Chemist: 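The structure that follows is given in the form of structure tokens.
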Amino acid sequence: MPKREEIVEAAGREVTITNPDKVFFPDAGHTKLDLVRYYVAVADGALRGAGGRPMALKRFVNGAEGEFFFQKRAPENRPEWLRTVELSFPSGRTADEIVLDDAAGLAWIVNLGCIDLNPHPVRADDLDHPDELRVDLDPVPGIPWSQIRDVAMVAREALEAVGLVGWPKTSGSRGIHINVRIERRWTYPEVRRAALALARDVEARAPEIASSKWWKEERHGVFLDYNQNAKDRTVASVYSVRPTKDARVSMPLRWEDIPDVEPEDFTLVTVPDLYSERGDPGAGIDDAPGSLDALLDLSARHEREGQGDAPWPPTYAKQPGEPPR
DNA sequence: GTCCCTA
DNA sequence: TAGGGACAACGCCCG
DNA sequence: CGGGCG
Ligand SMILES: [Mn+2]
Ligand SMILES: [Mn+2]
């Protein structure tokens, strides 16, 4: 019995899917081909989040329950229509990362074993100026969904206070992400400082349930992970399927729906129908890029009041003004 | 998942 | 030609 | 050297 292959047509191209019947989600029974068909069905929405941006590949070649590895450098053998862009690292090393433009690219990376999409917050034509600030809400173990949702609503108020509009989504795991479309006028360190100022403001508004502290030992409730805005960090983007038993999706939400939804409502099975019947709640994200001026003013105020930079993650060189790590 | 080498 | 092995990120700070 | 953290 030769190994079966399936040719999938997407965006006017034919993409070969090897081992289409391989079970990627044993519990739910979804195959690799199911995953490809999912992404083709929600391609416009998924590409609004991941398209046009360099991305890291997180590969689960043995399915969601298997080991994974990251791959930054695009495979040498790739279709000529697949775009890449060269990223540079502080070490001087470089990587040609994949940039998705259409559903065919989506299908092609799923064939590699990618389950979720992990784009950088920049567009391929300007790798130094993010157009997205990411508010990453990470609950510490044991925190209920109701509290995560409450912190999200506080974050919405804090964003509104500095003239910004957030676009919320379930992370597909336990948390919430709020993406903020911004003008491409600030560098990575500036966007990170803006995210830190927002995290501190949310903690000040809701000190019982929110924390901006990097050290796990000092955290409580929901941690606002400002470091996820450092250069070279990626976040699973909208409509990404996550490697959970039930194939959960990172689902864009309308703010008014947040009180009524649970993360488990959104899966590889349920989302395509929601998408075709109710449309994409994140469709307007590109309409009005915002300014970080007010949030950076808040950061400057924090600095004057004795709250300067906060710790950076491992693998980053010590920054000027950074407290002990 | 794919490539490359070897038995 | 079947099968095994290699390979697929970022790479610093602190005590 | 192990442990920090996504
Ligand atoms: Mn998170
Ligand atoms: Mn995080």
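All of these numbers come straight from a predicted model, not from anything done at the bench. Each chain gets a letter, A, B and so on, in the order its sequence line appears, and its residues count up from 1.
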Chemist: I'd like to know if A:Glu65 pairs up with A:Lys245 as an ion pair, taking the criterion as any Lys NZ or Arg NE/NH1/NH2 lying under 4.0 Å from an Asp or Glu carboxylate oxygen.
Modeler: yes
Chemist: Is there a path of hydrophobic side-chain contacts, each under 4.5 Å between heavy atoms of I, L, V, M, F, W or Y residues, that connects A:Ile17 with A:Leu106?
Modeler: yes
Chemist: Would you mind pulling out the nucleotide paired to D:dC5, Watson-Crick or G-U wobble, both distances under 3.5 Å?
Modeler: none
Chemist: Does a nitrogen or oxygen in the side chain of A:Lys58 sit under 4.0 Å from OP1 or OP2 of C:dA8?
Modeler: no
Chemist: Any base atoms under 4.0 Å from A:Lys22, or only sugar-phosphate, or nothing? Heavy atoms, all strands.
Modeler: sugar-phosphate
Chemist: Starting the side chain at C-beta, find the nucleotide from C:dG11, B:dG1, D:dG6 nearest to A:Pro90.
Modeler: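 Nearest nucleotide to the side chain: C:dG11.
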Chemist: Hey, does the side chain of A:Lys58 reach the backbone of A:Phe69 with a donor-acceptor pair shorter than 3.5 angstrom?
Modeler: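 Answer holds: no.
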Chemist: Nearest to the side chain of A:Asn77, which nucleotide is it out of B:dC3, C:dC10, D:dC5?
Modeler: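 Side chain of A:Asn77 sits closest to B:dC3.
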Chemist: Measure from NZ or CZ of A:Arg192 to the centre of the six-membered ring of A:Trp312 and say whether it is under 6.0 Å with the direction within 45° of the ring axis.
Modeler: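 Satisfied, under 6.0 Å and within 45°.
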Chemist: With respect to the side chain of A:Lys32, which nucleotide from B:dG1, C:dA8, C:dG11 is positioned closest?
Modeler: B:dG1
Chemist: Can you tell me, in whole Å, how much space there is between the C1' of C:dA8 and that of B:dC3?
Modeler: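 After rounding to an integer number of Å, I get 12 Å for this pair.
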Chemist: If you check the A:Arg219 side chain, which of C:dC14, D:dC5, C:dC10 turns out closest?
Modeler: D:dC5
Chemist: Between D:dC5 and C:dC14, how far is it from one C1' atom to the other, in whole Å?
Modeler: 14 Å
Chemist: Using purine N1 to pyrimidine N3 plus N6-O4 or O6-N4 for Watson-Crick, or N1-O2 and O6-N3 for G-U wobble, both under 3.5 Å, which nucleotide pairs with C:dG11?
Modeler: none
Chemist: Considering only B:dG1, C:dC10, C:dC14, which nucleotide approaches the side chain of A:Lys318 most closely?
Modeler: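 Looking only at heavy atoms from C-beta outward on A:Lys318, the closest nucleotide is C:dC14.
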Chemist: Heavy atoms under 4.0 Å, any strand shown: does A:Asn111 hit a base, just sugar-phosphate, or nothing?
Modeler: sugar-phosphate
Chemist: Do A:Arg93 and A:Phe89 form a cation-pi contact, if we require the NZ or CZ to be under 6.0 Å from the six-membered ring centre and within 45 degrees of the ring's axis?
Modeler: no
Chemist: Measuring from the side chain of A:Val61 (C-beta onward, heavy atoms only), which nucleotide among C:dA9, B:dG1, C:dC14 has the closest atom?
Modeler: B:dG1
Chemist: Describe the nucleic acid contact of A:Pro314 in one word from base, sugar-phosphate, nothing, applying a heavy-atom distance below 4.0 Å.
Modeler: base
Chemist: Could you measure between the two C1' atoms, the one in D:dG4 and the one in C:dG11, and give it in whole Å?
Modeler: 14 Å
Chemist: When all nucleic acid strands are considered with a 4.0 Å heavy-atom cut-off, which category describes A:Trp312: base, sugar-phosphate, or nothing?
Modeler: nothing
